[in-house]
Structure formats: C-alpha cells, structure tokens
Amino acid sequence: MNYPKTRLRRLRYNLNIREMFEDVSINKSDLIQPIFITDGHNVKNEIKGLDKQFQLSIDNCLNFCSELLELGLKNIILFGVSEQKDENGDIACSHNSIIPKAIKKIKEKFGDKLLVIADVCNCSYTNHGHCGTITNDEVDNDLTIQTLAKQSITLAEAGADVIAPSDMMDGRVQLIRNELDKKGFEKIPIFPYSVKYASSFYGPFRNAVDNIPKKGNRKSYQMNFKNSKEFIREIEQDLNEGADAVIIKPALAYLDIIREVKVKFNVPIIAYNVSGEYSMVKAAAQKQYIDELEIILEIISSMKRAGADAIISYHSIEVVKYLNKTDV
Ligand code: PBG
C-alpha cells in the first residue's frame with residue numbers, strides 16, 4: 001500500500017499517538033554518575049573541560065551522594081585522583097589508597113542504597129601515566145593484571161559492589177574472577193570495559209585524574225577505532241572469562257558497536273557517555289548554539305535505542321532532574 005492511502009504521518013499526528021508508539025525510554029535506574037575522589041578535607045575543585053563536575057574529598061563526596069539519592073540517582077562509579085603515585089600503581093592496592101577509603105565511608109553511610117562501581121585501573125596511580133607496569137618501554141600485560149587483581153581485592157574488601165576493569169589488558173577478567181572467588185567474593189560482579197577505543201574523547205577525564213602518559217600513548221592496549229571487527233573477540237574473551245555485563249566506550253561515536261553487541265551477544269550493555277562527549281555539549285550550549293537539555297535527552301535516548309541497558313554519564317543529574325519534573 002502506498003501514498004496517498006498510506007500516510008506515515010498519521011501516527012505522528014498528535015502527542016498521544018506519538019507517545020503511544022514510543023519504545024525507547026530513559027529510567028533513573030539506567031543512569032550511573034561518575035565521581036572523582038581526592039585527598040583532603042572540604043575539597044571541591046571544578047574539573048577543566050568538565051563544567052559542574054568536581055574532584056571531591058571524601059566528606060564532600062558523602063554530601064554529594066546524599067544529593068544523588070534525594071534525586072533518585074542510585075548508581076555511582078568511582079575514580080581516584082591520587083597525589084601518591086608509584087612505578088606500578090601499587091599504591092592502589094593499599095587500604096589507605098583514596099578509593100578504598102572512600103568506599104568504606106560511602107558504604108558505612110548508605111549501605112545498599114547506593115550501588116558502588118569501582119573502576120579498576122593503574123593509570124591514576126602510576127608516575128608515568130600508563131595503565132600498567134612498564135618493562136622495556138612497553139606496558140607488560142602479565143605483570144599488570146597481577147596488580148589489577150590485587151587492586152580489585154582491596155576494592156571488594158572495602159565494600160565495592162561491582163568491579164569494573166578499564167585497562168584493556170588480556171586475561172584480567174579471568175584473573176580478577178579467580179582471585180575474587182578465592183577470597184569469598186563470588187557474588188561480586190565484574191563489568192569490564194570490554195570495548196574501549198583509543199579515543200580523543202577522553203581528554204577532559206585525563207585532566208581530572210592526571211593520567212596523561214608522560215611518554216607514548218595507549219594505542220598498544222586500547223582498541224583501534226578503524227578496526228570494525230576486533231570488538232567481537234574482545235567481548236567473546238571477556239564473556240568466556242566471566243564478565244557479567246560489558247562496558248562500551250566511548251558511546252556517541254560508537255553507537256554502531258553498541259548495536260552490534262546487542263544483536264550478537266546476550267549480555268547487558270553499559271554505554272559510557274565519556275568526558276569529551278559531555279564537554280562538546282557544554283561548550284556548544286555555552287555559546288547558545290544548541291538547546292542543551294533537548295540535545296542531552298536526544299543523545300542519551302540514542303544510546304538506549306542502540307541497545308544500551310544502562311549509561312555512565314556526567315549528564316545523569318540533568319537527566320534525572322528532567323525525569324523528576326515530568327514524572328507525575
Ligand atoms: C582509564 C579510564 C579512562 C576513562 C575512564 N577510565 C580513559 C583513559 O584515560 O584512557 C575515560 C572516561 C571519560 O573520558 O569520561 N583507565
């Protein structure tokens with residue numbers, strides 16, 4: 001049947017009809033707020049390139065978590081901003097390191113009301129800025145996963161609900177799973193960043209945690225965005241090793257990848273709407289080139305439409321405030 005008998009616009013004719021056939025929605029429970037935690041007391045430093053996102057000391061982080069819960073935001077992912085750094089990132093394996101300390105306090109105060117996802121990587125804790133241990137000028141895979149597993153145990157002991165390794169080393173999920181199980185943490189899920197491209201969209205994040213490599217780049221471990229198939233083996237490998245859900249990042253320029261993972265694998269997907277994606281929106285909004293809230297909702301919806309079950313986003317609060325207003 002063709003025009004004029006068929007008129008597709010009939011189903012867009014008014015708001016009720018349009019809403020009736022919507023099949024993409026954003027829920028508060030889909031959103032995960034990143035938090036950057038630093039040493040000190042009463043610290044709240046706005047991050048260059050990440051307007052309205054802050055490095056927070058633990059006391060301020062606790063206040064921030066209360067605000068999130070009041071809004072109905074219940075999921076957070078934590079990143080350490082560590083002044084103490086060393087050759088291999090060993091400092092992150094200590095209970096005196098910033099994130100284990102923060103998790104203990106968060107869990108003491110909020111218990112299971114907040115889902116605490118702990119990012120696991122060495123790059124905030126190495127003095128050279130790479131995600132792992134350097135041997136002969138290269139990031140050594142097998143030594144690195146040893147420290148990642150130790151860091152994961154420390155985080156689990158501190159009370160983390162989920163372990164999220166973001167390093168892109170081979171075999172880390174398997175080793176972390178084995179070590180967690182040995183210590184009695186078989187219930188703690190692992191959400192690896194299974195698909196993580198070597199991307200310029202991470203720029204503002206790297207200002208936030210001061211992890212820019214002093215030498216070289218991350219292309220020998222993060223994925224090449226000009227390769228359209230490699231992600232399949234990365235996901236397969238992580239699932240075989242025990243991943244419970246997968247994180248894909250960046251998100252906005254990689255919606256095709258999110259879609260393909262959705263179609264090919266039966267696994268929950270978390271999209272990471274990364275720092276550079278956020279800063280582009282903020283910069284354009286500041287110049288009044290775009291309608292900020294409308295653009296944010298369109299971007300987040302596109303990630304859900306592509307197949308993401310949940311989204312890590314610096315826009316989480318703005319989205320939740322909008323949902324609270326429209327929730328009658
Ligand atoms: C590091 C890590 C990165 C991000 C999260 N964990 C990027 C990197 O420096 O390689 C990026 C997140 C963002 O840009 O918002 N392991």
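We count ligands from 1, going down the list as the structure has it; atoms in each ligand are counted the same way. FYI, the numbering just counts along the sequence from 1.
- At the top of the distance list for atom 2 (C) of ligand 1, counting protein heavy atoms only, stands K196 NZ, 3.3 Å.
- Below 4.0 Å from some heavy atom of R218 lie the following atoms of ligand 1, by number and element: 8 (C), 9 (O), 10 (O).
- Taking the six-membered ring where tryptophan is involved, the planes of F225 and Y254 are perpendicular, since the angle between them exceeds 60° and thus also 30°.
- Between E292 and K282 there is a salt bridge, since a side-chain N of the basic residue sits under 4.0 Å from a carboxylate O of the acidic one.
- Taking every heavy atom of S166 and a limit of under 4.0 angstrom, the matching atoms of ligand 1 come to 1 (C), 6 (N), 16 (N).
- Under the side chain to side chain donor-acceptor pair (under 3.5 Å) rule, D140 has a single partner from T133, N88, T135, which is T135.
- Salt bridge D210/R206: absent, no basic N to carboxylate O contact under 4.0 Å.
- The closest approach between E277 and ligand 1 stays at or above 4.0 Å for every heavy atom of the residue.
- Here Y272 has side-chain heavy atoms under 4.0 Å from ligand 1, and that is the only part of it that gets that close.
- The contact set between ligand 1 and C121, taken as ligand atoms under 4.0 Å from a residue heavy atom, comprises 16 (N).
- When only non-hydrogen protein atoms are considered, atom 11 (C) of ligand 1 lies nearest to K249 NZ, 3.1 Å.
- In terms of protein heavy-atom proximity, atom 12 (C) of ligand 1 is nearest to F205 CD1, 3.3 Å.
- Between Y278 and H315, the ring-plane angle classifies as tilted under the 30° and 60° cut-offs.
- One side chain, Q237 or D170, offers a donor N or O that lies under 3.5 Å from an acceptor on the other.
- Annotation for ligand 1: atoms under 4.0 Å from non-hydrogen atoms of N211 are 9 (O).
- Ligand 1 places these atoms under 4.0 Å from at least one heavy atom of Q222: 10 (O).
- No close placement of the F36 and F54 rings is indicated, their centers lying 6.0 Å or farther apart.
- Remark: minimum distance from atom 14 (O) of ligand 1 to any protein heavy atom is reached at S275 OG, 2.7 Å.
- Ranking protein heavy atoms by distance to atom 15 (O) of ligand 1, first place goes to Y314 OH, 2.6 Å.
- Looking at atom 9 (O) of ligand 1, its nearest protein heavy atom turns out to be R206 NE, 2.8 Å.
- Taking a cutoff of 4.0 Å between a charged side-chain nitrogen and a carboxylate oxygen, K182 and E179 qualify as a salt bridge.
- With hydrogens and angles disregarded, no donor-acceptor distance shorter than 3.5 Å links the side chain of N27 to the backbone of S29.
- Numbered from 1 in the order shown, with element, the atoms of ligand 1 that lie under 4.0 Å from a heavy atom of C123 read 1 (C), 16 (N).
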